[in-house]
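Both counts, for ligands and for their atoms, begin at 1 and track the order of listing. Computation of the quantities below employed the complete heavy-atom set of this structure, encompassing side-chain atoms and omitting hydrogens, waters and symmetry-equivalent molecules.
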Amino acid sequence: MKNTVSQQIEITKASESKIGQVDFENLNFGKIFTDHMFVCDYVDGEWKAPKIIPYGPMTLDPSARVFHYGQAVFEGMKAYKDDNGDTFLFRPDENFKRINKSAERLAIPEFPEEYFFDGLNTLLKLDEEWIKSGYGNSLYIRPFVIATQASVSASEADEYRFMIICSPAQSYYSGDVSVLVAEKFSRSANGGFGYAKAAGNYAGQFYPTKLAKEQGYQQVIWTDSNSHEYVEEAGTMNLFFRVNDTLLTAPVSDRILDGVTRKSLIAIAEKEGISVDVRPIKVSEIVEAANNGSLKEIFGAGTAAVVSPVKAFGYKGEHYEIEKQENSYASHFKKALMDIQYNKAEDTFGWRYKV
Ligand code: COI
C-alpha cells in the first residue's frame, strides 16, 4: 500500500536529458527549464494523482478559466548547491504559506503541505544535476496553480492544476536598475489582492512598465493608488531606502507583497543593529533626501532579484542619480543573505532547508 505522498508520486522520466545543450554561464532568466515537472490536479473536490513527467507543453481546453479570468497564483523560490554538492532551499515554508494565502484570495482550494514538499523534494532530486554550485548560480523554482475547468462562466472553477517547473538561473537584472516612480498608474488598491502572487498583479504592470522602459527605466516604483504620495513596491521586488544609516521600507499591507527576501533582510539588519524603520514612506521625503545628499542607496529585494541596487529614479520629469557607495548596505545584505543560502555561514535563523 502507498502511504506517503512521495510513494504515490508517479514518475515518468524524460527519455533524454536536455542538460548537455545548456550554457550555464550565459543564462537568460526564466527561458530554460529542467527535464521534469510536477503536476497535480484538483478534481471532484480533492487534489489527486500527483505525478512527475517530462517538461513540455500540455493540452488544456480553450475555455479553461485561467485563460479568460486569470484565476492563477504562483510562487518564486530558489534551490542552492553548496561546495559539497548538498542542495538547500531558503525558507520554503514561507512560500508554501504564501501560495495558499494567494490561493484563498483567488478562491482556489488550498494545496496540501505534504503534496507541496514531497512534490518539490522528489522533483529536485530528479533534476538535481541542473542545480549548479557557485555563488550566484541557483535553480529558480516556480510553483503555480491554474484554473483548468472548461467553462467561460465567470465564477471560481471547480478544477485546477498545481504544477512546479524549474529553471536554472543567475541574476535577474544584468546591472543596477533605474526606476520610475508611478504618478498615474496603480498596481493595487485597498481591499484588492496586491499582497497575493496572482498572475493578474503582474500582467497589469506590463503596460506602465513598457512606457517606463521607453523613458529609459527598467521598473516602476508603485505608489499608493489614492494619492500616489507613498512608495510601495517595485512589482518584481520590495524596496529599501537607505537615508544616512537608517534603512526605510514600507510596511506590508493588502496592497504590498510580504516578500520573503524583504523580511529576511529586516531580520538580518535588526540582528546586526542596523536601524530599520518600517513605515509609510513619502515620495517627497525620498526626493528631499536625494537633493540634500542623505539618500545613500535604494535597493530592491526579491527571490529572483535577490538584492538589486537602484542607480537612479525618475519622478515628475526629474531624474535623480544615486552615487555609488563604497561599503554599500546592498552588497553587505546580499552577501549576508547568500552566505546563508549557499551554506557558507551559520544559519542562526533556521532558514536553510536541506533537500
Ligand atoms: C520572484 O522574485 O520570485 C518573483 O516572483 C518575481 C518575478 C515576477 C520574476
So the atoms of ligand 1 within less than 4.0 Å of a heavy atom of Thr303 turn out to be 2 (O), 3 (O)
Relative to the heavy atoms of Phe74, which atoms of ligand 1 are at a distance of less than 4.0 Å?
5 (O)
Please report whether ligand 1 has a polar contact with [X], defined as an N or O pair separated by less than 3.5 Å (distance criterion only).
| X | value |
| --- | --- |
| Tyr140 | yes |
| Ala304 | yes |
| Lys197 | yes |

Carboxylate-amine/guanidinium contact Glu233 Arg187, below 4.0 Å
yes
For [atom], what's the nearest protein heavy-atom neighbour? Residue, atom name and distance, please.
| atom | value |
| --- | --- |
| atom 6 (C) of ligand 1 | Thr236 O, 4.0 Å |
| atom 8 (C) of ligand 1 | Tyr202 CE2, 3.6 Å |
| atom 7 (C) of ligand 1 | Arg142 NH2, 4.0 Å |
| atom 9 (C) of ligand 1 | Tyr172 CE1, 3.6 Å |

Using ring-ring contact (aromatic ring centres under 6.0 Å, His included) as the criterion, point out the one residue from Phe90, Phe117, Phe88 that pairs with Tyr353.
Phe117
Result for ring-ring contact (aromatic ring centres under 6.0 Å, His included) between Phe162 and one of Tyr115, Tyr42, Phe111 points to Phe111
Quick one: sort the Tyr329 and Phe333 rings into parallel, tilted or perpendicular, breaks at 30° and 60°.
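Rings of Tyr329 and Phe333: perpendicular, as their planes differ by over 60°.
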Would you say the ring centroid of Phe29 lies under 6.0 angstrom from that of Tyr140?
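Ring centroids of Phe29 and Tyr140 are less than 6.0 Å from each other.
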Side-chain donor-acceptor pairs under 3.5 Å in residues 311-321, sequence neighbours left out?
unit_1: His319; atom_1: ND1; unit_2: Tyr217; atom_2: OH; d: 2.7
unit_1: His319; atom_1: NE2; unit_2: Glu321; atom_2: OE2; d: 2.8

Where is the tightest heavy-atom contact between Pro143 and Ile99, given as atom of each residue plus distance?
O-CD1, 4.0 Å
